[in-house]
Amino acid sequence: MGGLTTGGGEPDTGLAPRNDRRVPLTISRRAFLVSGVGTAALLAVPGFQGPVAAATIASGSGSGTSGSSQIQGVPTSFFYLYVNSDPLSTGGPSLTSMRGASAPAPVSTAPLATIPIRSPDQALVATVSLVTGATGGVLSASFIDAGSAQAASTVTVPIPSAVIGTLTTATLVFSADSSTLCVVLSVMTPRVPTQLAQPRWVTHHELVFIDVPGSSATGPFVLDDSPTLPAVNLFADSQQLHIWTMWAATDVPSTSGPNPSLASTQFASFPFGSGAPSIQTKVAGTWPSTTGQNVVGLQDGSLARVIGCQHVEIYQPDTAAMTRSTITPFAGPTAKPGRPVVQALPGGNVLVVNPALGVAAVLDGQTIQPVTTVTFLPPRFPNSGSPAAAASPDGSTLYVLGGRTTGGVNAYRIADGSPIASLNDGRQYSGIHQTASSGQVLAIAPTSPKLTVLTPGLSVVGTADTPAAVAAAV
Amino acid sequence: MPGFDTASTIPSVWQAAEAEFGVPRFWGRYFTPCPNTGFQSNALSEAEAMWNSEARYLFPLTSPTQALLNGGTATGQRDAKIFAGSVINAIAQVPGMAWPGALLVYLDQEYSASLSLSYWNGWATYIGNNFGTHLVHPALYCTPSSPYPNCSTISNTEAVLCWGIWSAEPEPCGNLSNPPPWGPETCGGKTPTVLWQYAEATACGFSANVDLDLGLPTDTEMVGVMFYQSSVP
């Protein structure tokens, strides 16, 4: 395929590919905390090479194919970081991993089309890249074994519409059973406006279904939904992909200007491997957004679409019938937006956190009524790339960034909102992430050292740094 | 020329804000993509509340997923297209809301987010060319002193022109009737700082859920780049 270009249409200069996307992670001076029995040794300082590191991992249990290993009796995990090593170049973002005292390694070399995602069973990390070409493009989906950071499989899919000059973005979602990766492509095609008021780009969507165990794909299925906005909300159960899109009223030709009444949210469901919807209809739902809207499946099979942390729309997937309500603990206004956290908990309940408001609530998985509420001081950075809060895998503990004057990290018992532990280091962190395998917590800061690994009890395990811009942890 | 910006809807905050600070000159509101309720969700109701607040000017801002500001051209264009669609649609719903001769719209870049050159060029290029007959210019909300690329991005020789900075620092606090003297952090270079968020609600201990902003001292320049509500909506 000649004339390949990357991502957004930047020309391939023909230079040698950039193999070395290694993001150096250097150990900090206070990185080692080996003292006394049971104290965690330095763990998450990849890139440190030397006899001290070797001694530190002497009792390690190996490669951790089960998703964790131990160094001096403390379990470790891989953290995956979505980074951009040179934001002022056209190289694009990539994925890097960090674990224990192993050398840092780039996990992906191709510019990523979007933020990678983890499978619900936590076993895999999926990345997607897109390349346009003179006669069409290629979608590459790579699956990384989350426990070893090793490439597990790659599936490539020709995308005929992704010709040079178009711009395509991807939105990803795993099926509930982790067996299917659904990729929704928003393909933006340039056009010559027929009327002055028309935008010069028109969008349609395409679906690709990737069978993860089988390393195969079906699609792309080109949806007849143009003109539409390139914004989608997604949810995949074990059989169907449910998708919310927005009819782009502003793209409809009109001599009198845009007709707002034409703007409408569309809901459709597609069985895996099919471009024929089982249902497709206009709904009275909120505009899909690329942020602030998360969908979870409820115990009765309905879909809960959380809107901006304040409202929830409940959809019956068979009929698209929708009811809307306000989530009572989040009814209060805020001056600043907060990146909402929506997390399904073991047992079927749903955790919703609005960091700007300083409120977390567990919603009943059937009624979506609040069961418990946790309040905390809003952090300084409630709207960062990584979330300001995360629940432990067993749903018992809520980790939240500290208040804007105190910083640090706090842990609360979700059942009654009582504080459990604190990291009182005075640092202002911008994001938090917890692994399911070992329970370790990664706190991300905008200033050096950017990466702090903590035990579930918020003791510092170690710190690491990187010159790259860390956008999010996966 | 001081005013408010808020992530909440104007109907939900304007009365408490005016009780605490007085009458604003303008409102800054989020439009999709944003993590909160966007202005376009109920544009007429928001405009009515703005009219009741006696403010007559409105400027749009957008806050896409911050991690994606690290991304490529296509991602920037996508977010811009959604934003443009929401702005055009919203304003079309409000009788009496007039487009200015040239509108400034703001991309929110938080302190802890990195803005890539590719994303900015995709976003800014779309903004500058896809509002039909309306002249719209891309601008940036950022903290110039952040360790992450913001000023360096927009000042890059290959960057699409950024028409203005809305600076998030410093925060000396204060009120509407007696704002601090003009003193925002700047990017330097050729990009002017046109707005300054000098007081954040949580940092300054406000009761009302609004942040306070000061526009360029020259009143005419600022009103010329905002929407103007000329009559009761």
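Every chain is numbered from 1, with letters handed out A, B, ... down the list of sequences. Quick note: numbers below take in every heavy atom, side chains included, and nothing from hydrogens, waters or symmetry partners.
- For the options G122(B), S152(B), A113(B), S12(B), heavy-atom pairs under 4.5 Å to chain A are most numerous at S152(B).
- The two residues L115(B) and P87(A) come nearest to each other via the heavy atoms O-CB, 4.2 Å.
- From N36(B), atom CG reaches atom CG of N354(A) across 9.0 Å, with rounding to the nearest 0.5 Å.
- Rounded to the nearest 0.5 Å, atoms CD (E110(B)) and OG (S430(A)) are 11.0 Å apart.
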Should L117(B) and T90(A) be marked as a side chain to side chain contact (heavy atoms under 4.5 Å, CB included) after you check the CA-CA gap, both sets of side-chain angles, and the distance that decides it? CA-CA 7 Å; L117(B) 179 62; T90(A) 56; 5.5 Å; no

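- For Y119(B), no part lies near chain A; criterion is any non-hydrogen pair under 4.5 Å.
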Before giving the answer on side chain to side chain contact (heavy atoms under 4.5 Å, CB included), spell out for R78(B) and L167(A) the whole-Å C-alpha distance, their side-chain angles and the decisive distance to 0.1 Å. CA-CA 8 Å; R78(B) 178 196 65 185; L167(A) 291 175; over 6 Å; no

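- Remark: R200(A) is not positioned above the aromatic ring of Y126(B), lacking an NZ or CZ atom under 6.0 angstrom from the ring centre and at most 45 degrees off the axis.
- T169(A) places no side-chain N or O within donor-acceptor distance of the main-chain N or O of A74(B), the cut-off being under 3.5 Å.
- When all heavy atoms are compared, the tightest approach of G85(B) to W287(A) is O-CH2, 3.7 Å.
- No part of Q109(B) comes within reach of chain A, as not one of its non-hydrogen atoms sits under 4.5 angstrom from that chain.
- Atoms OG and CG, on S118(B) and L88(A) in that order, are 9.5 Å from each other to the nearest 0.5 Å.
- Contact of N121(B) with chain A is not made at all, since no heavy-atom distance falls under 4.5 Å.
- The distance from the OG atom of S8(B) to the NZ atom of K336(A) is 11.5 Å, given to the nearest 0.5 Å.
- Heavy atoms of other residues, nucleotides or ligands lying less than 6.0 angstrom from CD1 of I117(A) number more than 12.
- Remark: L377(A) CG to T202(B) OG1 distance equals 10.5 Å, nearest 0.5 Å.
- Pairing each heavy atom of A7(B) with each of P337(A), the nearest pair is CB-N, 3.4 Å.
- For S45(B), the side chain to side chain donor-acceptor pair (under 3.5 Å) criterion is met by no residue, not counting sequence neighbours.
- For chain A, no part of T9(B) is nearby; none of its heavy atoms comes within less than 4.5 Å.
- S186(A) contributes atom OG, which lies 11.5 Å from atom CD of Q77(B) (distance to the nearest 0.5 angstrom).
- Contact of A445(A) with chain B is made through the backbone alone, with heavy-atom distances under 4.5 Å.
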Apply the test side chain to side chain contact (heavy atoms under 4.5 Å, CB included) to residues Q428(A) and Y111(B): give CA-CA distance (whole Å), side-chain angles for both, the deciding distance (0.1 Å), then the verdict. CA-CA 11 Å; Q428(A) 290 291 346; Y111(B) 179 93; over 6 Å; no

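- Between R404(A) and E200(B) a salt bridge is recorded (basic side-chain N to carboxylate O distance below 4.0 Å).
- Using a 4.5 Å cut-off between heavy atoms, V13(B) contacts chain A through its side chain alone, with no backbone atom that close.
- For E158(B), the CD atom is loosely surrounded, since the number of other residues' heavy atoms within 6.0 Å does not exceed 12.
- Of the atoms belonging to N156(B), it is side-chain heavy atoms, and not backbone ones, that fall under 4.5 Å from chain A.
- In this structure, no portion of S146(B) lies under 4.5 Å from any heavy atom of chain A.
- Scanning both residues, S41(B) and T286(A), for their nearest heavy atoms gives OG-CG2, 4.4 Å.
- A side-chain donor-acceptor contact under 3.5 Å links N383(A) and S63(B).
- A pairwise comparison of heavy atoms in P93(A) and N70(B) identifies CD-O, 3.8 Å as the closest pair.
- Pairing each heavy atom of Y82(A) with each of A67(B), the nearest pair is CE2-O, 3.5 Å.
- When S86(B), A201(B), G76(B) are compared by the number of non-hydrogen pairs under 4.5 Å with chain A, S86(B) comes out ahead.
- For A90(B), no part lies under 4.5 angstrom from a heavy atom of chain A.
- Side chain of K81(B) to backbone of L229(A): no donor-acceptor contact under 3.5 angstrom is found.
- I115(A) places a side-chain heavy atom less than 4.5 Å from the side chain of L68(B).
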